[in-house]
Amino acid sequence: MIGIFDSGVGGLSVLKEIQSALPLVPFIYLADQYHVPYGPRPLPQIRKFTNAACDFLIREGARLIVIACNTASAAALQTVREQHPQIPFVGLVPAVKPAAERTVTGRIAVLATPGTFHGRLYITVKNKHAQNVIVYQDTVPGLVEQIEKGELATEPTRAILNTALLPLLSKQIDKVVLGCTHYPFVSPLIREIVGDQIELIDPAPAIARRVQYLLQESGISVDTNPSGIHNRYISTDPNQTLGSALHHLLGFRDATIEVAEWQPDGQIASSPRTC
Ligand code: DGL
């Protein structure tokens with residue numbers, strides 16, 4: 001069982017690639033929609049949420065965890081690896097390395113949340129791989145909220161993206177790194193704004209390959225679903241919109257959504273209820 005965690009619906013962009021690479025491996029998708037967005041929150045708070053989310057996924061049976069959120073990875077990837085040495089973790093960091101390797105103009109843009117930009121993970125990757133490249137960064141305020149609402153192509157969403165992207169167009173960038181897992185869902189709108197000459201880099205396919213490799217390395221079968229285990233979709237928000245997101249973002253109808261609420265002790269309650 002793979003556990004996949006994000007603050008909200010963004011991790012579904014990663015789930016989609018994992019499912020197409022590993023259709024028979026069962027997963028639990030956990031969206032902390034009670035606290036979304038994570039991006040503007042302080043890193044220690046995001047770390048607490050992420051630690052509790054990983055504890056929950058392990059209690060529910062996850063044997064490998066994908067932190068399908070750049071912000072949560074920035075805050076907590078190192079901590080959860082230390083706390084659960086028996087579990088392989090896959091985290092996300094904006095794909096600065098391939099962008100820096102492939103740029104012709106020597107100028108790239110990275111779109112990510114404030115939390116991701118403040119984290120050591122991003123700074124380390126940028127210092128290591130983008131020394132000879134000019135990197136423009138933007139936090140695109142409000143975009144995650146629009147995607148959570150399902151507003152992928154409305155005028156307010158376009159206005160947010162115009163504010164972030166139009167100033168970059170005069171900088172001769174040729175790569176835009178989608179450094180938040182929510183953003184691939186507005187790729188068509190980004191493409192309309194930046195045109196055809198700029199490459200959009202989404203790390204999700206590479207993450208799926210990494211998951212496949214780790215499962216094979218740890219001897220977990222990727223070819224059969226051992227006991228007909230069902231995939232699960234869990235939100236921490238009782239008024240969640242995960243069901244409609246699965247429908248309009250991935251085309252899944254009739255997925256059963258479970259709700260697992262936060263408890264006063266800072267943990268997520270086990271035995272989520274179906275709604
Ligand atoms: N999807 C998350 C990421 O990749 C962040 C969204 C949020 O701000 O909660 O960073």
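When a ligand or atom number is given, it counts from 1 through the structure's own listing order.
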Engineer: According to side-chain hydrogen bond (donor to acceptor under 3.5 Å, both in side chains), does anything in residues 80-96 pair up with another residue at least two apart or in another chain? List the pairs.
Structural biologist: Asp55-His84, Gln78-Glu82

Engineer: Could you list each nitrogen or oxygen of ligand 1 that sits under 3.5 Å from a protein nitrogen or oxygen, with the atom names and the distance?
Structural biologist:
from: ligand 1; atom 1: 1 (N); to: Asp6; atom 2: OD1; distance (Å): 3.1
from: ligand 1; atom 1: 1 (N); to: Thr181; atom 2: OG1; distance (Å): 2.9
from: ligand 1; atom 1: 1 (N); to: His182; atom 2: ND1; distance (Å): 2.8
from: ligand 1; atom 1: 4 (O); to: Asn70; atom 2: N; distance (Å): 2.8
from: ligand 1; atom 1: 4 (O); to: Asn70; atom 2: ND2; distance (Å): 3.1
from: ligand 1; atom 1: 4 (O); to: Thr181; atom 2: N; distance (Å): 2.8
from: ligand 1; atom 1: 4 (O); to: Thr181; atom 2: OG1; distance (Å): 3.3
from: ligand 1; atom 1: 8 (O); to: Tyr38; atom 2: N; distance (Å): 3.3
from: ligand 1; atom 1: 8 (O); to: Gly39; atom 2: N; distance (Å): 2.8
from: ligand 1; atom 1: 9 (O); to: Ser7; atom 2: OG; distance (Å): 2.6
from: ligand 1; atom 1: 9 (O); to: Tyr38; atom 2: N; distance (Å): 2.6
from: ligand 1; atom 1: 10 (O); to: Asn70; atom 2: N; distance (Å): 3.3
from: ligand 1; atom 1: 10 (O); to: Thr71; atom 2: N; distance (Å): 3.1
from: ligand 1; atom 1: 10 (O); to: Thr71; atom 2: OG1; distance (Å): 2.6

Engineer: Count I, L, V, M, F, W, Y as connected when their side-chain heavy atoms are under 4.5 Å apart, and connections chain through other members. Are Leu249 and Tyr183 then in the same cluster?
Structural biologist: yes

Engineer: Listed by chain and number, what are the side-chain hydrogen bond (donor to acceptor under 3.5 Å, both in side chains) partners of Ser73, not counting sequence neighbours?
Structural biologist: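 side-chain hydrogen bond (donor to acceptor under 3.5 Å, both in side chains) check on Ser73 returns nothing, list empty.
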
Engineer: For residues Glu101 and His129, is any side-chain donor paired with an opposing acceptor at under 3.5 Å?
Structural biologist: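 There is no such pair (donor and acceptor under 3.5 Å, judged by atom type) between the side chains of Glu101 and His129.
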
Engineer: With sequence neighbours excluded, what pairs up with Phe56 under the ring pair (Phe, Tyr, Trp, His ring centres under 6.0 Å) test?
Structural biologist: none

Engineer: Does the separation of the ring centres of Phe49 and Tyr34 fall below 6.0 angstrom?
Structural biologist: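 No, the ring of Phe49 stays outside the 6.0 Å limit from the ring of Tyr34, centre to centre.
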
